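For reference, the structure discussed in these notes is given below.
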Amino acid sequence: MKKSINYIKNEKVIIYSDLSLLLIKNKPTTIINNTLKIIKILIKNKNTIIIPTFNFNFAKTKKTSFNPDLITTGYLNKSLLKKYNFKRTDKPIYNYGVLGPKALDILNLEQKTAFGTDSVIGHLSLNKSICLGIGIEPINFNWVTIHVCEELGKVPYRFFKKFVGLNLNTKKKVSEIIFVRKKSFNVVNTGKKINETLIKKKKITKTKFKNLNLVNLRLNDYFKEGMKLLKKNKFALTK
């Protein structure tokens, strides 16, 4: 994969961010403005853009809506939603904003479970989509694809749980089935082994745009390495 984002064309691109290090040296407005420039380039090159708009509070509040204020995945994604006309998927917790020519591919997914083959992240992970990380530390970051590996690999420390509540916009009951971790298993996820392998194979690449450190990879590469590890050891993605 080419390092420059200018070479990303006609792809499905999911964007993750971790701005804690960037905020030490940069103002939030500078980060947002430069991210908007990246989005413009991706749009110009006819990419379909996906951003996580997760609402992890739903498990407790039992309420969700399309209001950006309920998003728990950071102010950057909230800013992108306000700037562009992203369509939203309909699940209350693992919700995504989608923009671009192949948006219907994402919006029409059945999403029987949060990490299954017909989920948003499952679809992206199995179909060679690109993941673009902004401010991500590539060795230790756990891409959400790790949970796709766990669900399809049937790890013993997780089980399916259904969460039910209300969408305040539609006034309809909404639900989501998630492969959650058992409290009795004192384990923490780690995709470090996957990341190390992909970096060694030059399948995770680094670049820079203005003041932003970027990494990119194809999620299918991450998925395949994760499944290889789980075939040998069902606890390979934990520590």
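Because the structure is a prediction, the values reported are computed rather than measured. Here, residue 1 is the first one in the sequence, and each next residue gets the next number.
In this structure, CG on Leu80 lies 9.5 Å from CD1 on Ile71, to the nearest 0.5 angstrom. Here the CD atom belonging to Glu11 is positioned 12.0 Å from the CG atom belonging to Leu132, to the nearest 0.5 angstrom. Remark: Asn195 CG to Glu137 CD distance equals 8.5 Å, nearest 0.5 Å. In this structure, Asn220 CG and Cys131 SG are separated by 13.0 Å, a value rounded to the nearest 0.5 Å. Here OG1 of Thr53 is found 11.5 Å from NZ of Lys78. Values are rounded to the nearest 0.5 Å. Distance check, rounded to the nearest 0.5 Å: CD of Glu225 to NZ of Lys193 gives 12.5 Å.
Between the side chains of Thr64 and Asn167, no donor N or O sits under 3.5 Å from an acceptor N or O. Residues Glu150 and Asn189 bring a donor and an acceptor atom of their side chains to less than 3.5 Å of each other.
Under the 4.5 Å side-chain criterion, counting only non-hydrogen atoms from C-beta, Ile194 is not in contact with Glu196. Annotation: side chain of Leu36 is in contact with side chain of Lys83 (closest heavy-atom distance under 4.5 Å). With a 4.5 Å cut-off on side-chain heavy atoms, Asn10 and Lys46 count as touching. Side-chain contact between Phe163 and Ile177 is absent, with no heavy atoms from C-beta onward closer than 4.5 Å. Using a 4.5 Å cut-off on side-chain heavy atoms (C-beta onward), Asn95 and Arg88 make contact. A 4.5 Å side-chain heavy-atom check between Tyr16 and Ile134 finds every atom pair outside the cut-off.
Closest approach of Asn211 to Lys208, counting heavy atoms only: O-NZ, 4.1 Å. Of all the heavy atoms in Gly116 and Thr113, the pair that sits closest is N-OG1, 3.1 Å. Between Val174 and Asp90, the shortest heavy-atom contact is CG1-O, 4.5 Å. Across every non-hydrogen atom of Ile41 and Phe209, the tightest pair is CD1-CE1, 3.7 Å. Counting all heavy atoms, side chain and backbone alike, Ser65 lies closest to Asn169 at CB-OD1, 3.2 Å. Asn142 and Gly191 get closest at one heavy-atom pair: OD1-N, 2.7 Å.
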Could you pull out every donor-acceptor pair under 3.5 Å between side chains of residues 227-239 and any protein atom, sequence neighbours left out?
{"from": "Asn233", "atom 1": "OD1", "to": "Phe235", "atom 2": "N", "distance (Å)": "2.9"}
{"from": "Lys234", "atom 1": "NZ", "to": "Gly153", "atom 2": "O", "distance (Å)": "2.5"}
{"from": "Thr238", "atom 1": "OG1", "to": "Phe235", "atom 2": "O", "distance (Å)": "2.8"}

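By the 6.0 Å contact criterion, NZ on Lys172 is open, its count of non-hydrogen atoms from other residues, nucleotides or ligands being 12 or less. Environment of NZ in Lys62: crowded, with over 12 heavy atoms of neighbouring residues, nucleotides or ligands closer than 6.0 Å.
Ile39 and Ile31 fall within a single hydrophobic cluster, where Ile, Leu, Val, Met, Phe, Trp and Tyr side chains are chained together by heavy-atom contacts under 4.5 Å. Cluster membership check: Ile139 shares its hydrophobic cluster with Phe141, using side-chain heavy-atom separations under 4.5 Å among Ile, Leu, Val, Met, Phe, Trp and Tyr. Using a 4.5 Å cut-off between side-chain heavy atoms of Ile, Leu, Val, Met, Phe, Trp and Tyr, with links allowed through other members, Phe66 and Leu107 fall into different hydrophobic clusters. Side-chain heavy atoms closer than 4.5 Å link hydrophobic residues (I, L, V, M, F, W, Y) into clusters, and following such links, possibly through other members, connects Ile8 to Leu212. In the hydrophobic cluster analysis, where Ile, Leu, Val, Met, Phe, Trp and Tyr join through side-chain heavy atoms closer than 4.5 angstrom, Leu76 is grouped apart from Leu70.
Residues passing the side-chain contact (heavy atoms from CB on, under 4.5 Å) test with Lys27, sequence neighbours excluded: Thr29, Thr30. Under the ring pair (Phe, Tyr, Trp, His ring centres under 6.0 Å) criterion, Tyr94 pairs with Phe54, Phe56, Phe115, not counting sequence neighbours. Applying the side-chain contact (heavy atoms from CB on, under 4.5 Å) test to Lys12 and every residue at least two apart in sequence or in another chain returns Thr48, Ile50, Lys102, Asp105, Ile106, His123, Leu124, Ser129.
Under the 4.0 Å criterion applied to side-chain N and carboxylate O atoms, Glu176 and Lys112 are not assigned as salt-bridge partners.
Residues in residues 164-189 take part in these ring pair (Phe, Tyr, Trp, His ring centres under 6.0 Å) pairs, two or more places apart or across chains: Phe160-Phe179.
When atom types are taken as modelled, the side chain of Arg218 and the backbone of Ile130 share no donor-acceptor pair closer than 3.5 angstrom. Judged by distance alone, the side chain of Asn77 and the main-chain N or O of Pro52 form a donor-acceptor pair under 3.5 Å. Checked by atom type and distance alone, the side chain of Asn47 never pairs as donor or acceptor with a backbone atom of Ile49 at under 3.5 Å.
Other members of the cluster containing Leu168 are Leu166, with ILVMFWY side chains joined at under 4.5 Å, either directly or via other members.
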